[in-house]
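Working notes, structure below.
Numbers restart at 1 for each chain; the letters A, B, ... are given by sequence-line order, proteins then strands.
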There are 2 protein chains.
Amino acid sequence: MKYILQDLKVKINDKIYIKDPESSALGKRIIENSIIMIQEIGFESFTFKKLGEKIKSNESSIYRYFENKHKLLLYLTSWYWGWLEYQLVFATNSISNSEDKLRKAIEIITRTIEEDSSFSHINEVLLNKIVINEYSKSYLTKEVDEENKEGYFSFYKRLVIRLNDMIKEVDTTYPYPSSLSSTIIEGALHQHFLKDHFPSLTNCNETITPTTYFTDLVFNSIKK
Amino acid sequence: MKYILQDLKVKINDKIYIKDPESSALGKRIIENSIIMIQEIGFESFTFKKLGEKIKSNESSIYRYFENKHKLLLYLTSWYWGWLEYQLVFATNSISNSEDKLRKAIEIITRTIEEDSSFSHINEVLLNKIVINEYSKSYLTKEVDEENKEGYFSFYKRLVIRLNDMIKEVDTTYPYPSSLSSTIIEGALHQHFLKDHFPSLTNCNETITPTTYFTDLVFNSIKK
DNA sequence: CAAAAATAAAAGTAATACTATCATATTTTA
DNA sequence: TAAAATATGATAGTATTACTTTTATTTTTG
């Protein structure tokens with residue numbers, strides 16, 4: 001698994017970047033350190049100038065890779081959803097029973113990314129935290145429809161559709177499979193956030209995980 | 001109902017503002033027009049300078065009411081959740097059957113705010129759109145824990161807890177009432193957003209409403 | 001080794017997010 | 001009703017952001 005993951009390259013829509021950060025050492029440092037920095041100080045406070053200082057490069061050099069920090073966030077989150085989709089496919093592929101498959105899919109999507117199975121320069125534990133705290137900012141904009149047309153959200157959409165398909169496989173008659181799928185994916189991020197900042201608004205904690213909650217939710221809604 | 005609503009004053013935490021916008025004509029113009037403007041151009045592009053031009057007042061005068069636009073967003077969204085709570089209490093109060101009560105509560109929380117039942121200077125149809133598009137930005141910040149301690153999210157929390165209580169009333173044994181409650185409230189905003197921008201990720205449309213979907217979801221999860 | 005490409009350094013611009021000062025208008029109250 | 005207090009408006013100023021441009025330097029490659 002490790003070996004395969006090391007070879008995996010998530011192919012990001014090339015309109016998101018000006019120059020592919022995977023194509024150079026500087027590009028990789030930009031990605032690696034932007035993840036660390038956004039996680040540390042938050043997306044609002046993060047600037048290309050600060051990142052330049054951190055990686056001892058120049059602001060103007062970073063602008064040759066990404067138009068602006070919004071595009072960089074789109075890049076990072078696209079990578080995350082692509083990575084998660086790979087995890088999902090890898091883990092569910094061999095399961096023939098559709099109920100077991102769905103169960104596993106929910107687990108993959110809602111679990112806490114804990115062990116640092118990080119390969120190369122991307123720390124997906126930190127990246128998962130960024131997705132929890134910043135992802136919705138990437139689509140809650142006035143430009144969402146244009147950017148959607150450009151395909152900037154295609155990994156996310158593909159994941160929602162994949163889960164939707166798995167739900168349908170278990171119960172063809174369930175009338176809201178894509179709403180349920182999008183609720184799980186977005187809701188999982190939200191429950192993880194609440195657990196850390198608004199514990200009174202969730203039952204999730206060290207013992208009850210979002211996986212437990214969403215598994216129960218899904219299997220009560222669809223017929224088994 | 002109209003009459004009562006006209007008298008309702010949502011009492012916002014006074015640390016959110018510097019000077020109470022309800023206390024003056026200028027303050028009310030700030031609120032009224034900031035809602036219109038944020039809805040029009042989005043929160044990112046919105047500035048106090050632009051608002052000043054629109055209401056023919058001065059940037060510096062607006063700063064005497066709100067420290068910054070983040071606090072203004074907290075004010076507007078607090079007002080919205082307070083208003084929605086009022087709607088909820090008003091509509092469910094007289095229902096004695098706890099299942100019917102929950103059903104009505106879900107309806108109030110997940111429905112599209114359509115008719116402009118606006119009173120005074122606040123247009124809650126536009127405000128609902130702002131909440132759909134911008135609310136998560138108000139808490140997805142590095143300051144969320146401090147601001148939560150200051151009580152800036154108390155209306156939202158109270159609504160989640162109220163719905164949680166109603167779920168418990170119907171089924172005391174259900175193990176995830178607060179997660180379900182927060183999923184409904186956050187999820188309803190999300191489904192409304194998807195319906196407008198990512199229709200392939202939701203089953204909600206003109207005929208299937210978020211209310212239909214969430215009502216089904218809830219009553220399949222809890223025992224009746 | 002020369003040419004091309006990538007990166008770094010520095011400077012410049014327009015806008016943002018404020019703060020401060022002072023003038024003027026309006027309201028309050030003595 | 002005059003004086004005082006308060007609210008608002010106009011103007012200017014500051015630091016930072018979000019870039020763009022130009023030029024110099026370093027690295028890569030043919």
Side-chain angles (χ1 to χ4, degrees), chain A residues 14-34 37-38 40-76 121 134 137-138 140-143 146-147, chain B residues 14-34 37-38 40-76 121 134 137-138 140-143 146-147:
Chain A
D14 61 14
K15 283 175 189 155
I16 289 184
Y17 49 75
I18 297 167
K19 178 177 170 167
D20 185 358
E22 285 299 318
S23 70
S24 75
L26 178 61
K28 284 172 191 163
R29 274 195 296 144
I30 289 172
I31 298 305
E32 179 176 10
N33 290 281
S34 66
M37 206 169 190
I38 291 172
E40 263 172 28
I41 66 175
F43 187 65
E44 274 67 44
S45 301
F46 170 82
T47 68
F48 281 0
K49 190 161 192 218
K50 290 177 189 167
L51 179 61
E53 278 156 29
K54 176 163 183 148
I55 65 176
K56 271 156 200 167
S57 172
N58 198 274
E59 200 187 355
S60 62
S61 303
I62 301 167
Y63 275 107
R64 287 203 191 84
Y65 285 84
F66 293 100
E67 231 178 295
N68 50 49
K69 68 175 182 173
H70 170 70
K71 287 284 179 78
L72 172 58
L73 181 63
L74 285 173
Y75 181 92
L76 296 177
H121 51 292
E134 324 286 359
K137 296 170 194 168
S138 78
L140 295 177
T141 68
K142 281 284 163 186
E143 297 77 34
E146 288 164 53
E147 295 188 344
Chain B
D14 61 15
K15 284 175 188 155
I16 288 184
Y17 50 75
I18 297 167
K19 178 178 171 166
D20 185 359
E22 287 298 319
S23 71
S24 74
L26 177 62
K28 284 171 192 164
R29 273 195 296 145
I30 290 172
I31 298 306
E32 179 176 10
N33 290 281
S34 65
M37 206 170 190
I38 291 173
E40 262 173 27
I41 65 175
F43 187 66
E44 274 67 41
S45 302
F46 170 82
T47 70
F48 281 0
K49 191 160 191 217
K50 290 177 190 168
L51 179 62
E53 279 157 27
K54 175 161 184 151
I55 64 176
K56 271 157 199 167
S57 172
N58 200 273
E59 200 187 357
S60 62
S61 303
I62 301 168
Y63 275 107
R64 288 200 190 90
Y65 285 84
F66 293 100
E67 232 178 292
N68 51 47
K69 68 175 182 173
H70 170 69
K71 288 285 179 78
L72 172 58
L73 180 63
L74 285 173
Y75 181 92
L76 296 177
H121 51 291
E134 323 286 359
K137 296 171 194 168
S138 79
L140 294 177
T141 68
K142 281 283 163 188
E143 296 76 34
E146 288 164 53
E147 294 188 345

(request) Mind checking side chain to side chain donor-acceptor pair (under 3.5 Å) for B:Lys69 and listing every partner two or more places apart, or none if nothing turns up? (result) none
(request) Starting at atom CZ of B:Arg64, determine the distance to atom P of C:dT26, rounded to an integer number of angstrom. (result) 16 Å
(request) Evaluate side chain to side chain contact (heavy atoms under 4.5 Å, CB included) for B:Glu44 paired with A:His70, printing each intermediate quantity in order. (result) CA-CA 12 Å; B:Glu44 274 67 41; A:His70 170 70; over 6 Å; no
(message) Can you list, in residue-number order, the parts of residues 19-28 of chain B that come under 4.0 Å of DNA chain D, counting heavy atoms only?
(response) B:Lys19, B:Ser24, B:Leu26
(message) Reading DNA chain D in the 5' to 3' direction, which nucleotide is the first one with an atom under 4.0 Å from a heavy atom of chain B, and which is the last?
(response) D:dA7 to D:dT11
(request) With heavy atoms under 4.0 Å as the rule, sort A:Tyr65 into base, sugar-phosphate or nothing. (result) sugar-phosphate
(request) Check salt bridge (Lys or Arg N to Asp or Glu O under 4.0 Å) between B:Lys15 and all other residues, then give those that pass, not counting sequence neighbours. (result) B:Glu150
(message) Output the rounded distance in Å from CG (B:Leu73) to C1' (C:dA17).
(response) 16 Å
(request) For DNA chain C, determine which residues of residues 53-61 of chain B have any heavy atom closer than 4.0 angstrom to one of its atoms, and list them numerically. (result) B:Glu59, B:Ser60
(message) Tell me which pairs pass salt bridge (charged side-chain N to carboxylate O under 4.0 Å, His left out) where either residue lies in residues 20-32 of chain A, with sequence neighbours left out.
(response) A:Lys9-A:Asp20
(message) Give the residues of residues 40-48 of chain B touching DNA chain C, defined as any heavy atom closer than 4.0 Å, sorted by residue number.
(response) B:Thr47
(request) For B:Lys49, look at atom NZ and say whether over 12 heavy atoms of other residues, nucleotides or ligands are found less than 6.0 Å away. (result) no
(request) Provide, to the nearest angstrom, the distance between the NZ atom belonging to A:Lys49 and the P atom belonging to C:dA9. (result) 13 Å
(request) Take the protein atom CD1 of B:Ile62 and the nucleotide atom C1' of C:dC18, then report the distance between them rounded to whole Å. (result) 13 Å
(request) Go through the steps for A:Leu72 and A:Ile62 under the test side chain to side chain contact (heavy atoms under 4.5 Å, CB included), then give the verdict. (result) CA-CA 10 Å; A:Leu72 172 58; A:Ile62 301 167; 5.9 Å; no
(request) Could you pull out all residues at least two apart from B:Ser61 that satisfy side chain to side chain contact (heavy atoms under 4.5 Å, CB included)? (result) B:Leu26, B:Ser57, B:Asn58, B:Arg64
(message) Could you work out, with salt bridge (Lys or Arg N to Asp or Glu O under 4.0 Å) as the rule, every residue matching B:Glu53, not counting sequence neighbours?
(response) none
(message) Is it the case that the side chain of A:Lys137 and the backbone of B:Leu140 share a donor-acceptor pair, with hydrogens and angles ignored and the cut-off at 3.5 Å?
(response) yes
(request) Under the side chain to side chain donor-acceptor pair (under 3.5 Å) rule, collect the residues that match up with B:Glu143, sequence neighbours excluded. (result) none
(message) I want to check something: taking the side chain as every heavy atom from C-beta on, are B:Tyr75 and B:Lys71 in contact at a cut-off of under 4.5 Å?
(response) no
(request) Sequence neighbours left out, what passes side chain to side chain donor-acceptor pair (under 3.5 Å) with B:Ser45? Give chain and number order. (result) none
(message) Restricting to side chain to side chain donor-acceptor pair (under 3.5 Å), what partner residues turn up for B:Tyr17, sequence neighbours left out?
(response) none
